[in-house]
Amino acid sequence: MTDPAPLYKPIGMLGGTFNPIHHGHLRLALELYERLSFAQVHLIPAASPPHREKPTVNAELRFAMVQAAVAGVNGLIADDRELKRQGYSYTIDTLRSLRNDYPQHPLCLILGMDAFIGLPTWHAWESIIELAHLVVVRRPGTLLPMSHRMHDFLVTHQVNNIAEMNNRLAGKILVEEIPALTISATQIRTLIAQQRNPSYLIPAPVFEIIEQYQLYR
Ligand code: ATP
């Protein structure tokens with residue numbers, strides 16, 4: 001039997017607090033955009049993340065930093081859809097909204113391995129795989145302990161290459177090995193609070209916004 005014709009190119013989604021967005025996020029998004037031939041990767045700041053304390057910087061400014069970071073970059077999109085909703089920013093609602101906008105594109109939710117392992121704590125997590133594929137990013141040489149439940153979930157849905165995802169809208173898991181840049185938003189906030197210079201960890205236009213609004217001091 002021949003494989004069904006490929007659908008439209010997949011769309012990647014990378015959510016986060018982006019407080020602030022940094023080169024670790026951007027390299028990850030660009031690497032996957034190119035490796036997996038995504039139509040585009042949406043960077044979506046959480047207005048009100050359910051899993052952590054309210055971010056110190058409001059969602060509009062965090063979004064403005066994402067916009068500044070990707071301006072003029074092919075394939076990376078600053079997406080403010082979570083800012084337009086009230087209440088907690090649940091990924092399942094974001095995926096529903098993307099599905100509505102892109103009915104014919106496979107959707108790929110990009111997750112670190114640690115987030116994947118914690119997926120059962122997410123709202124309506126079992127429905128996520130019905131709406132999207134998961135691209136789980138693993139740092140080379142790392143092995144994180146996983147519950148039997150998540151191991152079974154992974155084995156049930158795992159594919160070995162993007163081609164096996166391109167023929168369907170959702171439902172598969174691809175594990176991609178990507179070396180992470182050891183940059184975190186926490187590190188950047190700490191540097192700025194200590195009046196040190198975060199240049200080369202974040203894009204210059206992001207630093208301009210931080211200076212303009214005196215963020216993280
Ligand atoms: P914080 O230090 O405030 O916890 P963070 O730098 O981890 O923030 P988030 O906004 O929480 O940034 O991250 C959004 C997504 O980007 C998460 O899936 C996270 O795993 C991933 N990510 C964060 N930093 C990196 C990095 N250096 N390389 C690759 N992925 C990263």
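First listed ligand is number 1; within each ligand, the first listed atom is number 1. Below, all heavy atoms of this structure are taken into account, side chains as well, without hydrogens, waters or symmetry copies.
- Residue R27 does not touch ligand 1, judged by heavy-atom distances below 4.0 Å.
- R85 and S48 form no side-chain donor-acceptor contact under 3.5 Å, judged by distance and modelled atom types alone.
- For H22 and H25, the gap between ring centers is short of 6.0 Å.
- With ligand atoms numbered from 1 in the order given, ligand 1 contributes 3 (O) to contacts under 4.0 Å with heavy atoms of R189.
- Between A180 and ligand 1, no pair of N/O atoms sits closer than 3.5 Å.
- Heavy-atom neighbours of Q214 CD from other residues, nucleotides or ligands within 6.0 Å: above the threshold of 12.
- At a heavy-atom cutoff of 4.0 Å, ligand 1 is contacted by no atom of R139, backbone or side chain.
- Closest heavy-atom approach to atom 16 (O) of ligand 1 within the set M113, H25, H23: this belongs to H25.
- In terms of N/O distances under 3.5 Å, ligand 1 is approached by F18.
- Closest to atom 15 (C) of ligand 1, if we only count protein heavy atoms, is G15 O, 3.6 Å.
- Atoms of ligand 1 lying under 4.0 Å from any heavy atom of I183, numbered from 1 in the order shown and given with element: 24 (N), 26 (C), 27 (N).
- The nearest protein atom to atom 11 (O) of ligand 1, hydrogens excluded, is given as R52 NH1, 3.4 Å; this is a heavy-atom distance.
- Residue V66 is tested with L43, L14, D79 for a side chain to side chain contact (heavy atoms under 4.5 Å, CB included); the sole match is L43.
- In this structure, atom 1 (P) of ligand 1 lies nearest to the protein heavy atom T186 OG1, 3.3 Å.
- With ring centers used as reference points, W125 lies under 6.0 Å from F153.
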- Would you please test K172 and E164 for salt bridge (charged side-chain N to carboxylate O under 4.0 Å, His left out) and show each step? CA-CA 8 Å; K172 297 291 172 193; E164 294 177 66; over 6 Å; no

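- Using a 4.0 Å cut-off between charged side-chain N and carboxylate O, R138 and E176 make no salt bridge.
- With atom 26 (C) of ligand 1 as the reference point, the heavy atom nearest to it among L181, V66, L14 is part of L181.
- Between G16 and ligand 1, no N or O atom pair is found at a separation short of 3.5 Å.
- We find that D101 and R81 are joined by a salt bridge, their nearest charged nitrogen and carboxylate oxygen being less than 4.0 Å apart.
- Between the side chains of N19 and Y216, at least one donor N or O lies within less than 3.5 Å of an accepting N or O.
- Protein non-hydrogen atoms do not reach within 4.0 Å of atom 19 (C) of ligand 1.
- Other residues, nucleotides and ligands place no more than 12 heavy atoms under 6.0 Å from the CZ atom of R196.
- In the displayed structure, H123 atom NE2 is contacted under 6.0 Å by more than 12 heavy atoms of other residues, nucleotides or ligands.
- If you check each of I21, T17, D114 against atom 10 (O) of ligand 1, the one with the closest non-hydrogen atom is T17.
- Every atom of ligand 1 with a heavy atom of A185 under 4.0 Å away is listed here by number and element: 1 (P), 2 (O), 3 (O), 5 (P), 6 (O), 8 (O).
- At a 4.0 Å heavy-atom cut-off, ligand 1 touches H22 through the side chain alone.
- Residues Q40 and Y102 bring a donor and an acceptor atom of their side chains to less than 3.5 Å of each other.
- The single protein non-hydrogen atom nearest to atom 29 (C) of ligand 1 is G24 O, 3.7 Å, given as residue, atom name and distance.
- Among protein heavy atoms, atom 30 (N) of ligand 1 sits closest to L28 CD2, 3.6 Å.
- Atom 7 (O) of ligand 1 lies below 4.0 Å from none of the non-hydrogen atoms of the protein.
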